[in-house]
Amino acid sequence: MPGSVGRESYLPPRDFGEYVVCKRRKLAEQQQDELAALTKGVATQCLSSIFRGVAIYATGYIEPSAVKLRELVCLHGGRYEQYYNRSRVTHIVATTLTSAKFRQWRHAKIVRPAWIVDSVRKGRLLAWSHYCLYNAREYTDERAFWQKSRSPPQERARTIAKDAAEEACRPTSMRSLPTSATDENFVANYYASSRLHHLSSWKAELRDICAKLELSHAANVDTRRRVVMHIDMDCFFTSVAVRDRPELAGCPVGISHSTVTGSSSDLASCNYEARAYGLKNGMRVGEALKKCPHLVLLPYEFAQYKAIFAEYAAQIQAVSCDEALLGFPLDRFLPGDIAENAQRMAREIRDKIHAATRCTASQAKPNGQHFLNPAEAQPVLDRLPVKRLPGVGWSLDKRLKDKHIETGGDLRKIALNTLQCWFGTSTGQMLYSFARGIDERPLQTTSNRQSISTNVSWGVRFVHTHQVEKFIGELAEEVARRTVKEGVVGRMIVYKRKPDAVDHAYKVFGHGDCDILQQGHMLSTATQEAGVIKETSWRLFGQMNLLVADVRGIGIQLLKLASINKDSG
DNA sequence: ATCCTCCCCTAC
DNA sequence: TAAGGTAGGGGAGGAT
Ligand SMILES: Nc1ccn([C@H]2C[C@H](O)[C@@H](COP(=O)(O)OP(=O)(O)OP(=O)(O)O)O2)c(=O)n1
Ligand SMILES: [Mg+2]
Ligand SMILES: [Mg+2]
């Protein structure tokens with residue numbers, strides 16, 4: 001197979017020391033033609049070699065000036081870099097940093113100018129850590145903060161040592177499986193099996209269908225006098241699997257790619273019997289089987305899911321492939337009892353869905369419906385853990401917990417002002433309203449797409465640069481394909497994820513706990529051509545100066561879209 | 001003030 | 001083995 005390489009190339013480094021050596025060697029290879037440029041900042045005459053191996057980059061206002069520092073460093077055997085570059089610069093010299101810069105450079109060595117001056121004065125290289133712009137405690141705390149708060153818990157739960165050991169124990173066959181480096185058609189194959197990719201593209205499809213229905217009056221529904229009906233299929237993927245297997249009635253059932261004990265595969269969906277054991281959508285199969293050993297795991301049936309939602313497209317805001325929001329002005333349920341009439345309609349809709357799909361849908365799970373009177377909402381909300389509010393995920397939940405806010409009731413005790421101060425104007429307002437059962441967001445029945453993006457962060461293991469180039473080409477084709485359907489580009493972004501050291505993802509072939517780097521470029525003319533998108537992305541990738549072996553994901557995003565039919569201004 | 005850019009976060 | 005994608009809201013902080 002073209003582009004394939006020997007298995008040896010995949011063996012992860014045995015220890016960190018070896019990794020560093022390996023990294024240096026590869027960097028040297030990768031940047032061979034840039035070597036000439038490296039020597040540019042080196043002085044023609046040397047007074048000493050105090051700064052041998054040191055390359056500084058100066059930023060912001062500093063005293064002595066950057067020019068002076070450059071002279072000092074170069075005279076004493078070091079280098080000065082005009083531009084910051086992660087792999088060339090060893091130390092950043094600064095006296096102040098914006099928080100954005102600090103974040104960007106949180107793993108770099110950032111020193112005060114005095115480090116240079118004092119080293120020259122003493123005639124030897126002083127420990128940079130004594131001149132660290134941020135004292136050690138702040139620095140490590142900040143590092144810990146970013147590492148911790150940036151990734152969901154499971155990514156941090158395992159130690160590098162443990163994972164390295166597991167990696168070493170893995171049968172060799174597992175290391176030679178197709179990845180981004182070897183698989184001919186990796187992106188297409190991957191997308192064919194990725195549930196999250198399906199979920200996303202189906203949502204886009206449904207949104208288009210809903211927009212075409214042109215229920216223009218929906219936009220005019222008074223948000224304070226309306227009924228919103230929320231319909232969602234019950235354990236959708238699982239229902240589809242179970243409907244033709246009556247023998248599984250009453251059994252805990254879930255959907256996943258892998259059925260193996262200890263698997264790191266995701267449980268996409270599970271039925272209510274399984275949830276009684278504490279199983280949740282998105283959980284790892286290994287964990288699910290521990291909690292429920294007799295769980296029946298069935299494969300995905302993407303074609304079936306698609307057939308179901310395509311045939312029975314929702315009438316209003318498509319939330320996802322199994323879910324919709326329907327908005328009605330109150331008078332739609334008059335005359336008579338609003339609750340009663342809304343209930344009757346809900347019943348009808350659910351019956352129709354069941355007849356058409358043989359799966360159940362509900363407003364009260366599972367397989368139920370409920371008309372929530374504004375009056376009964378408050379006691380429920382007061383007891384509700386904040387995590388259950390829409391818009392409160394892993395991160396906001398943690399920040400709320402830090403403020404000792406656990407429930408809707410706790411939230412309701414905090415003044416609007418305070419919430420906005422802690423969490424921002426908009427987020428604060430949202431929390432304030434939701435805690436009171438108020439949600440006046442109009443349904444989004446139609447909207448112009450603002451971006452088109454593609455991203456793969458699974459199975460990404462490169463050995464050679466040309467493999468990356470090919471991979472970016474595949475992604476660019478995908479972006480172009482989708483773009484042709486819609487608008488044009490003004491701008492593109494490549495973003496990357498890169499781990500700090502050895503491979504230690506909890507998920508087999510996963511991306512692990514990575515840095516996410518991003519770089520954008522504004523095109524002079526909008527495009528929808530794969531060639532242009534590829535060339536630009538490839539150039540941006542080069543600018544990031546990554547070691548290809550470190551890359552754990554690549555994505556391309558197209559922004560500033562404009563319609564191609566209309567005036568292409 | 002209001003934009004823009006570079007992120008982070010959330011949902012399915 | 002395993003398939004950790006994606007659009008859009010929003011915040012921080014600099015540019016205009
Ligand atoms: N982490 C997740 C969450 C959901 N899904 C998929 C499988 C689900 O069946 C479908 C719909 O998501 P829901 O949140 O509606 O979950 P279910 O329909 O499975 O269960 P519920 O009865 O709670 O709606 O999306 C997934 O693949 N991974
Ligand atoms: Mg559902
Ligand atoms: Mg749903």
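These numbers come from the heavy atoms of this one structure, side chains and all, not from hydrogens, waters or symmetry mates. As the structure is a prediction and not an experimental result, all values here were calculated from the model.
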[X] has a side chain; which of [options] sits nearest to it?
X      : options              : value
A:L396 : C:dG5, B:dT10, C:dG9 : B:dT10
A:R449 : C:dG8, C:dA2, C:dG4  : C:dG8
A:N455 : C:dG5, C:dA2, C:dG8  : C:dG5
A:E323 : C:dG5, B:dC12, C:dG8 : B:dC12
A:S426 : C:dG11, C:dA2, B:dC7 : C:dG11
A:R207 : C:dG4, C:dA3, C:dA7  : C:dA7
A:T427 : C:dA3, C:dG10, C:dT6 : C:dG10

[X] [atom1] to [N] [atom2]: how many Å, rounded?
X      : N      : atom1 : atom2 : result
A:I516 : C:dT6  : CD1   : P     : 15 Å
A:K203 : C:dG9  : NZ    : C1'   : 11 Å
A:W394 : B:dC12 : CH2   : C1'   : 20 Å
A:Q420 : C:dG10 : CD    : C1'   : 13 Å
A:H521 : B:dC6  : NE2   : C1'   : 17 Å
A:K398 : B:dT10 : NZ    : C1'   : 17 Å
A:H198 : C:dT6  : NE2   : P     : 11 Å
A:L206 : C:dA7  : CG    : C1'   : 14 Å

NA contact type, [X], heavy-atom cut-off 4.0 Å: base, sugar-phosphate, or nothing?
X      : result
A:S201 : nothing
A:H197 : sugar-phosphate
A:R482 : sugar-phosphate
A:N281 : nothing
A:S256 : nothing
A:S453 : sugar-phosphate

Donor-acceptor pair under 3.5 Å: do we get one between A:Y506's side chain and the base of C:dG4?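 Answer is yes: a donor-acceptor pair is held.
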Report task. Please evaluate the base of C:dG5 for a donor-acceptor partner in the side chain of A:S200 within a cut-off of under 3.5 Å? Result ->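 Answer is yes: a donor-acceptor pair is held.
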I need the minimum non-hydrogen distance between A:A480 and A:Q528, along with the two atoms involved.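 Closest approach of A:A480 to A:Q528, heavy atoms only: CB-O, 3.6 Å.
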* Can we say A:R481 and A:E478 salt-bridge, meaning some charged N sits less than 4.0 Å from an Asp/Glu carboxylate O? ->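 Counted as a salt bridge, because a side-chain N and a carboxylate O are separated by less than 4.0 Å.
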Q: Kindly state each residue pair satisfying salt bridge (charged side-chain N to carboxylate O under 4.0 Å, His left out) with at least one member in residues 258-270 of chain A, sequence neighbours excluded.
A: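 Qualifying pairs, neighbours excluded: A:R195-A:D266, A:D266-A:K507.
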Can you tell me how far OG of A:S263 sits from CG of A:L289, rounded to the nearest 0.5 angstrom?
->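 Here the interatomic distance stands at 8.0 Å.
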**Asked** How far, in whole Å, is B:dC9 from C:dG4 if one measures between their C1' atoms?
**Response**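 C:dG4 and B:dC9 have their C1' atoms separated by 16 Å.
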inquiry  = A:Y191: which residues meet the ring pair (Phe, Tyr, Trp, His ring centres under 6.0 Å) condition with it, sequence neighbours left out?
reply    =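 A:Y191: ring pair (Phe, Tyr, Trp, His ring centres under 6.0 Å) contacts with A:H197.
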Q) Does A:R436 count as lying over the ring of A:Y432, i.e. NZ or CZ under 6.0 Å from the six-ring centre, within 45 degrees of the axis? A)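 Yes; both conditions hold, so A:R436 lies above the ring face of A:Y432.
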Exercise for review: Using heavy atoms to find the nearest nucleotide of DNA chain C for A:S193 and A:S451 separately, return the residue whose nucleotide is more 5′.
Suggested key: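 The residue closer to the strand's 5' end, by nearest nucleotide, is A:S193.
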Of A:D266 and A:Y191, the one whose closest DNA chain C nucleotide lies more 5'
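Result of the comparison: A:D266.
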